[in-house]
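Numbering starts at 1 and runs along the sequence shown.
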Amino acid sequence: MSPLVYYLFTLIFFVLAYCILGWGLNLQFGEGGILNFAYIGFVAIGAYVTGVTSMGPPQDGSNQKWILGWTLPFPLGLLLGGLASCILAVIVGAIAFRRLRTDYLAMVLISASLVLYDIINNFVPLFNGADGLNNVPEPFADALGLDANTFVPFFTGVTLIVTLIMWWLMSRITRSPLGRTIRAIRDDPDSASALGKNVFRYQMTAMLIGSFYAGIGGGLIIEFSGAFNTSAWLPGETFLIFAAVIVGGVGNNKGVILGALIVPVVFTQLPKFLPDVPGHPGLILNIAAIAIGVLLMLTLWFRPQGLIPEKKRLSALMPGERATGLRAMAFGQRAATKESR
């Protein structure tokens, strides 16, 4: 396989992985209005749990340590990574959603991400500390006789299948009554609560589903790269996914695809394959980081709705609902006529 083809398949994989991550955050932030600045923490938990349930126990005599050490086949480890992120979402959401909203909620979530980072980074027996997990086995590589070159296009195809499934699920969710209720709570939580909607329960539902997507995306990344450590999920990574959602279009799943192509891939992954400027190592990556910030500011200033804006969804009333609405309108008109007299 030529280096160019290998490089293109790698970029395609990251587009697909960031689409999954973007859809999860878009459900929380774009559909539900939850400023989850701890999102990368849920991605990390999904990656770590997928790794420790796939790579077996540490070798005797090595300095590496991690919990579980199972050797589950694909996709069981991936699903457990998504479920582990959901469990973390239950713990964080039960604390944060009861009394906190908007800015205070965002502060608590980013603080939770920093606490989680410090625990994993310093408590070595959990996920091998700052060194993280290495040599995570490649799914199906031994069974199909795949080498380093043939595994990349193969697993990119597997990721494409997973991405299509996640796209179908998210499309069903956002078009369902659940999705409409989540958006109603985003627009006016007090009015939704007055109409009998349990705001806490629906916010927790959005948090759980979005965190499951984060765990699946993180699990795919560790199985593709074979390694994951604390340098891969610094707080800035959360804002990278936020930038993809905002640039593509908040509340629009198709916009997330475009945002994933522009921000994480073109401005982040693509510069990693470019040669360094002589005498200035790392200059290209720094320029790319500056370009992401400039792109985000320009988007918020000139097109805050994103490149592909959120669709205005209108749902038709059922016959009984339509009759009830007509009666309410007639009653209101009669009341107004009496008051005018």
Side-chain angles (χ1 to χ4, degrees), residues 11-44 101-114 117 163 170 174 183 186-187 206-207 210-211 213-214 217-218 221 231-274 277 280 282-311:
L11 290 182
I12 293 172
F13 167 80
F14 279 107
V15 171
L16 299 174
Y18 275 99
C19 280
I20 296 175
L21 297 180
W23 289 330
L25 183 60
N26 186 54
L27 180 65
Q28 295 177 354
F29 172 62
E31 304 280 347
I34 302 171
L35 285 171
N36 186 6
F37 289 152
Y39 190 74
I40 194 63
F42 299 95
V43 177
R101 291 185 182 180
T102 60
D103 298 342
Y104 296 101
L105 175 62
M107 293 171 62
V108 169
L109 289 174
I110 195 171
S111 299
S113 177
L114 295 174
Y117 180 90
T163 305
M170 186 57 70
T174 54
R183 288 190 295 274
R186 173 200 65 186
D187 295 336
M207 189 74 174
S211 298
Y213 272 67
I221 289 174
S231 64
W233 58 288
L234 296 171
E237 295 295 326
T238 290
F239 295 98
L240 182 67
I241 307 174
F242 263 99
V245 173
I246 292 172
V247 172
V250 176
N252 192 311
N253 292 327
K254 294 179 181 179
V256 171
I257 299 175
L258 183 59
L261 177 63
I262 294 174
V263 180
V265 175
V266 174
F267 284 92
T268 303
Q269 298 299 329
L270 181 61
K272 293 180 180 179
F273 294 91
L274 299 177
V277 178
H280 300 280
L283 178 62
I284 294 179
L285 295 179
N286 292 331
I287 294 175
I290 295 173
I292 293 174
V294 173
L295 175 64
L296 185 58
M297 288 188 293
L298 292 175
T299 302
L300 292 173
W301 183 263
F302 292 104
R303 194 171 176 83
Q305 70 272 28
L307 297 178
I308 305 179
E310 179 182 5
K311 290 183 177 180

Under the criterion side-chain contact (heavy atoms from CB on, under 4.5 Å), I'd like the reasoning laid out for I262 against L295: C-alpha separation, chi angles, the key distance, then a yes or no.
CA-CA 10 Å; I262 294 174; L295 175 64; 3.9 Å; yes
Derivation and outcome, side-chain contact (heavy atoms from CB on, under 4.5 Å), residues F42 and M207
CA-CA 10 Å; F42 299 95; M207 189 74 174; 3.6 Å; yes
task: Would you sort out whether V250 and E310 count as a side-chain contact (heavy atoms from CB on, under 4.5 Å), showing the intermediate values?
output: CA-CA 6 Å; V250 176; E310 179 182 5; 5.8 Å; no
Note to self: Evaluate L240 against Y18 for side-chain contact (heavy atoms from CB on, under 4.5 Å), listing each step before the verdict.
What the structure shows: CA-CA 10 Å; L240 182 67; Y18 275 99; 4.0 Å; yes
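Side-chain contact, N36 with Q28: a donor N or O sits under 3.5 Å from an acceptor N or O.
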Tell me which donor-acceptor pairs under 3.5 Å the side chains of residues 300-307 have, and how far apart each pair is, sequence neighbours excluded?
{"from": "R303", "atom 1": "NE", "to": "G306", "atom 2": "O", "distance (Å)": "2.6"}

Check residues 19-27 and write down every donor-acceptor pair under 3.5 Å in which the side-chain atom is one partner and the other belongs to a residue at least two apart or another chain.
{"from": "W23", "atom 1": "NE1", "to": "N253", "atom 2": "O", "distance (Å)": "3.0"}
{"from": "N26", "atom 1": "OD1", "to": "G251", "atom 2": "N", "distance (Å)": "2.8"}
{"from": "N26", "atom 1": "ND2", "to": "N253", "atom 2": "OD1", "distance (Å)": "3.4"}

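Taking the six-membered ring where the residue is Trp, the centroids of F242 and Y39 are separated by 6.0 Å or more.
Residues I40 and Y117 have side chains not in contact (no heavy-atom distance under 4.5 Å, counting atoms from C-beta outward).
Using a distance-only test at 3.5 Å, with no hydrogens or angles considered, a donor-acceptor pair links the side chain of Y213 to the main chain of M170. A donor-acceptor contact shorter than 3.5 Å is absent between the side chain of R183 and the backbone of G32.
Scanning both residues, S113 and G41, for their nearest heavy atoms gives OG-N, 4.4 Å. Of all heavy-atom pairs spanning A44 and W233, the tightest one is CB-CD2, 3.3 Å.
Atom CD1 in I290 sits 6.5 Å away from atom CG in N286 (nearest 0.5 Å). The distance from the CZ atom of F239 to the CD1 atom of I246 is 10.0 Å, given to the nearest 0.5 Å. Rounding to the nearest 0.5 Å gives a distance of 10.5 Å between CG of L261 and CD1 of I12. To the nearest 0.5 angstrom, L105 atom CG is 9.5 Å from F37 atom CZ.
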